[in-house]
Amino acid sequence: MSHPIPTNKEIKLSTKRYIVSKTDTKGIITYGNDYFIEIAGYSEAELLGKPHSIVRHPDMPKIVFKLMWDRINKGQNIMAVVKNLAKSGDHYWVVTDFEPKIDPLTNQILSHTAFRKAAPREAIDTMEPIYAKLLELEKEGGMEASEKYLYGYLENNNTTYDNFINSLVENKGLFKLFFSTMKKLFS
Ligand SMILES: Cc1cc2nc3c(=O)[nH]c(=O)nc-3n(C[C@H](O)[C@H](O)[C@H](O)COP(=O)(O)O)c2cc1C
């Protein structure tokens, strides 16, 4: 799939609206709310049936998506700060959270839903240079090199991935409350 060429222009998200999308177990989009369609700049028809990597930004290191899939494939949640690419080539930063739908009889994952809000500026300012470093290492030594750096960084800061991301978004826009409310609405 050909991706738009990034413009360097940031789309500022409303702090009051949320971006929701749903995929099958392989990350193929099966639903997008109005705000997702508006911000991504694709029509609903262009999004449905496409891999979610349609909004992948080339500045995002692979390791973030590896962590994400490792977690959500187990039916677990993960919070991530993600830079996404709109059809125009402009980008938008979100904090995302996931909710799997699990078959109560077979325990199999049926689908994934992602809930996203505008990322706080401080979270963007913290993650942007880290992602740049991870991407640079990935280009030199593959994902293993970036993974090693990420875990080293977290260890040096005496934290874990989850605590680190939590500390960046905590108390800034009531993320936790928002995500739990959204999950109740959508389940
Ligand atoms: C529910 C759900 C939502 C996702 N949302 C995004 C997203 O907003 N942006 C993104 O780059 N990847 C998102 N992904 C991850 C993509 O499926 C994909 O793994 C990622 O874009 C990396 O692309 P690649 O695997 O082709 O390298 C999402 C996955 C799931 C399951």
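Read the numbers this way: they start at 1 and go in the same order the structure lists the ligands and their atoms.
Contacts of ligand 1 (protein heavy-atom distance under 4.0 Å) are T23, H52, S53, V55, R56, F65, M68, W69, I72, N84, F98, H112, A114, R116.
Annotation: side chain to side chain donor-acceptor pair (under 3.5 Å) contacts of N77 (sequence neighbours excluded): D97.
Aromatic ring centroids of H57 and Y92 lie 6.0 Å or more apart.
By the 6.0 Å contact criterion, CD on E155 is open, its count of non-hydrogen atoms from other residues, nucleotides or ligands being 12 or less.
Put simply, the residue from I11, V55, D34 that forms a side-chain contact (heavy atoms from CB on, under 4.5 Å) with I39 is I11.
Cation-pi contact between R116 and F36: present, with separation from the ring centre below 6.0 Å and deviation from the ring axis of at most 45°.
Between Y131 and W93, the angle of the ring planes stays under 30°, which puts this pair in the parallel group of the 30/60° scheme.
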